[in-house]
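Just the heavy atoms: all of them, side chains too, but no hydrogens, waters or symmetry mates, feed the values below. This is a predicted model, so every value here is computed, not measured.
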Amino acid sequence: MLATALGSTTLAAHAQTAVPDATALPPVVVSATGYPQALSQALPSVSVITREQIEASGAQNLTTLLQQVAGVQVTSNGGPGQSGNVFLRGFGGPDVLVLLDGVPMNAQDATGVAYLNNFTTDQIQRIEIIRGNVSAIYGSGAIGGVVLITTRQGSKTPQASVSVTAGSRNTATVSANASGQVGHTALQAGISRYTTQGISAINPAQLGNANPNANGYRNTTMNGSIVQTLAPGQSLGLRAFRSEGRASFDSYGSYASPTDTNLSRTTQDLYQLFSDNQITAAWQSHLNASQQSTTNTTQNFSAFPYSSTYRTRVQQLQWRNVVALGAGWTATGGLELQRQSIASITGSIPGKERNAKAAFIGLDGSFSGNEVQLNLRHDAIDGYSGENTGYLGYGRELGAGFKAIASYSTAFNAAPLGYLYAPYYGNPNLRPEKAHSVEAGLQWSQGPNVWRATLFQTKATDQWQYDFTTSTFQNIASSRTRGLELSGRGNWNGWTYDANLTLQQPVNTSQPGDPTLQRRARSMANVSVQREFASVLYGASVHYSGPRWDNGPSGRVTLGAYSTVDLTASGALSKDWSWNARVQNLFDKKYQTVYGYNREPLGVFLGLTWRPAL
């Protein structure tokens, strides 16, 4: 995507000592339209996490960053590397589309997720999160929203860094990155290694026969790119990414024993060949051919041992264009072809594949204080009839920094191949999900400060849910999520802040009383602040989640509300050396996001970075 080009912003100084200037502008985003625009101009609800923020946070896992974002809820079956889910405004799994450098990462298996628990932060340059239905911009899977991840890329000036981090639970991270330009060739390479003893994931008092030992995790991530400038405005590039994580996990129940320790390995590979071309002064073209694969191996040593390895793959050819029409108007458009597949290497999942084709156009601009964005998309996926989706957004400047915003959008989602054909729980008769959404909001922006209040509602039909009675995936006749979202970020009197509150009602409207959907919280809030004192940048963040229900051994149980507090500090030791510290879960709060599975207790982590002036 053209969006990935923006991710190669240069780190001129160590981010942990950089506090935003009061006169700075809001961050630039690309996800709302497909080309750069100020956050305050975007009509969809967008959050951005920069490389500077990643380093200042000290977070070693992507999901730790995401849970601080408005409308985002993270669940996990234990600590780092364990299976989990990410919800956006009450939608999760295959309803949240994840893109890595513009390539879909959602697996075509019976989870439909992108395995974000397998992502560490060292090789990530930037993250943008769109909340709400943007299927007309990004296609199938974007009912709840989109998470766009940009990997670290090359720079014109030589840069290098080596970082080490160590802390609680025998956690250690080592990473190295280097980039620069030789003639007309920009080069980048990075590697990171993360290991942790982890925690005992299952609580044996809740789930019987579980092994109470720690469930460790290790991850190795590699990332590299080569971009050759052929002529002014014409470049050809190759990018590669690989993340391999290995975690131990426990069984429970009648088929397990207290000595079980099982292993899972998740490997995510991405290879991408791309071309960026300035066709005319007004016309930018981006063409990419990519292959993304997710390979999962599970070794279960319970009373009925088994070993299974399967691979899901998405091969994509995409052509995307941005054309400046003049007078403040911009058109976008392009074509996309995907080949989606799933196959067993060992195991019983049948090999299946299908084609997905799409054509999309967009138009947005402003006139006389009005902003308009229109996106239309047609998707044709094997096994389904063609689907048309649309997005219409409108903004009106009210003066004094205020802007009124409204939008209407439609969406659909084709079931992952695993939902359809996986043994035992697949259902080949699943219908595609469909949805329509409305939003209305009021935004205020001034300098780096952007605040927005948004009322939202999405009604979905045929939403998928695992049915514990039939032990298969089934369609829910109708569901709905509606709510209020408040978000703000900026700088005030030397303090950098980011705060949000989400009040939502994700419910199953096909059942009496409109019960709340499983594991979804109705209230969430986050507050993060930073301030520099005596050349040290201090930070604090608070995360709150309201109660949720989950399935227990004897029926529904309530997972209680919880709050966690994290502290950070960072500074420079010299021109080339810097340090950072992070305290996780300061008050050692005991909480669960999935019934029977513990989350991380208090932890302390210290890091050191060497970034020489080259």
Does atom CH2 (Trp329) have a neighbourhood of more than 12 heavy atoms from anything else shown, all under 6.0 Å?
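Yes.
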Any carboxylate oxygen within less than 4.0 angstrom of a Lys/Arg side-chain nitrogen, looking at [X] and [Y]?
X      : Y      : value
Glu353 : Arg313 : no
Asp382 : Arg354 : no
Arg611 : Glu55  : yes

Which heavy atom of Gly539 sits nearest a heavy atom of Gln530, and at what distance?
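Smallest interatomic distance, heavy atoms only, reads CA-CG, 4.0 Å.
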Indicate the atoms forming the closest heavy-atom contact of Trp319 with Ser285, along with that distance.
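In this case the closest contact between Trp319 and Ser285 is NE1-OG, 2.8 Å.
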Inter- and intrachain pairs under salt bridge (charged side-chain N to carboxylate O under 4.0 Å, His left out), touching residues 483-497, at least two apart
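Listed by first then second residue: Arg89-Glu485, Arg131-Glu485.
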Salt bridge (charged side-chain N to carboxylate O under 4.0 Å, His left out) contacts in which one or both residues fall within residues 26-37, not counting sequence neighbours
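Every pair satisfying salt bridge (charged side-chain N to carboxylate O under 4.0 Å, His left out) with a residue in residues 26-37: there are none.
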State yes or no: are the ring centers of Trp464 and Tyr419 separated by less than 6.0 Å?
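When the ring centroids of Trp464 and Tyr419 are compared, they turn out to be within the sub-6.0 Å range.
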All salt bridge (charged side-chain N to carboxylate O under 4.0 Å, His left out) counterparts of [X], not counting sequence neighbours:
X      : result
Asp269 : Arg242
Asp364 : none
Arg377 : Glu336, Asp379
Glu433 : none

How long is the straight-line distance from OG1 of Thr496 back to CG of Asn491, given to the nearest 0.5 Å?
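That separation rounds to 4.5 Å.
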